[in-house]
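Read through the structure below, which is laid out as structure tokens, and then see the notes.
All heavy atoms count here, side chains included; hydrogens, waters and symmetry mates do not.
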Amino acid sequence: MKQRTATNIRMLPIAAAKPMSCVVVNWTIGDSCTLARELAARGVDLIDCSSGGIRAENSMMDFAKRRVKLKRGHQVPYAEVIRRDSLIPTMAVGVILDGPQAETILQSGQADLIAIGREALMDPHWALHAAQALGTDPKWEHWPPSYGWWLELRDRIGVE
């Protein structure tokens, strides 16, 4: 896979009259793989693999009505299949709650990039917490100084 940098990523603007999740079609994962290959052939670098979470059969309201719990990473399999079958990098979404979960998705090859989306509403410091959980910021140096010094001191002192 070609190494991507901010200078060689191209964006393809796509306009639609209606969001795909509002259009009733019999769209399959195979159709998504075909579309991904066609987009890759036209210069698209990455596929954001989301079912939208808006249509009735995949919405939060549907999970609530059916009294079915959400599953962590419930949309990650879309990214995995499209990545494998279309040979284009993918971005995974869908109830990715923490850094270790995101890292597992990346390391297992299920996706090339993670988007946390709505989880950022729950935790606006998601990336900072992920760095802590993964051990990449043990001294709280990525946090704003007004937070980091205190958090580092708390770690040094310890909490019973």
Measuring from atom CD1 of I116 to atom CE of M122, what distance do you get when rounded to the nearest 0.5 angstrom?
12.5 Å
Do S32 and W27 have side-chain heavy atoms sitting under 4.5 Å apart?
yes
Same cluster or not: M91 versus L87, using hydrophobic residues (I, L, V, M, F, W, Y) connected whenever any side-chain heavy atoms lie under 4.5 Å apart?
no
Cluster overlap L128 with L153, hydrophobic side-chain contacts below 4.5 Å:
yes
Can you name the residues that form a salt bridge (Lys or Arg N to Asp or Glu O under 4.0 Å) with E152, not counting sequence neighbours?
R156
Nearest-0.5 Å distance that lies between atom CD1 in I105 and atom CD in Q101
5.0 Å
Closest non-hydrogen contact found for K71 with V95 is O-CB, 3.8 Å
Distance (rounded to the nearest 0.5 Å) between C33 SG and R83 CZ:
13.0 Å
Nearest 0.5 Å, please: how far is OG1 in T34 from CD1 in I82?
10.0 Å
Nearest atoms (heavy-atom pairs only) where C49 meets V93:
O-CG2, 3.4 Å
Can you get from L97 to L70 by hopping between Ile, Leu, Val, Met, Phe, Trp and Tyr side chains that sit under 4.5 Å apart?
yes
L106 side, atom CG; D112 side, atom CG - distance, nearest 0.5 Å
8.0 Å
In terms of hydrophobic clusters joined by side-chain contacts under 4.5 Å, are I157 and Y147 together?
yes
Qualifying side-chain hydrogen bond (donor to acceptor under 3.5 Å, both in side chains) pairs with a residue from residues 132-145, counting only residues at least two apart or across chains
W140-D155
Would you say the side-chain atoms of W126 pair up with the backbone N or O of G99, donor to acceptor, closer than 3.5 Å?
no
Quick one: salt bridge (Lys or Arg N to Asp or Glu O under 4.0 Å) partners of D98, sequence neighbours excluded?
R72
Residues in side-chain hydrogen bond (donor to acceptor under 3.5 Å, both in side chains) contact with D48, at least two apart in sequence or another chain
none
Counting only N and O atoms by type, is there a donor-acceptor contact under 3.5 Å from the side chain of R37 to the main-chain atoms of D85?
yes
Does L113 belong to the same Ile/Leu/Val/Met/Phe/Trp/Tyr cluster as I96, with side-chain heavy atoms less than 4.5 Å apart forming each link?
no
Check A111 against T90 and note the closest heavy-atom contact, atom names and distance.
CA-OG1, 3.6 Å
Any side-chain heavy atom of L134 sitting closer than 4.5 Å to one from P100?
yes
With sequence neighbours left out, write down each residue that passes side-chain hydrogen bond (donor to acceptor under 3.5 Å, both in side chains) with T28, or none if nothing qualifies.
D31
With sequence neighbours left out, the residues meeting salt bridge (Lys or Arg N to Asp or Glu O under 4.0 Å) with E38 are R42
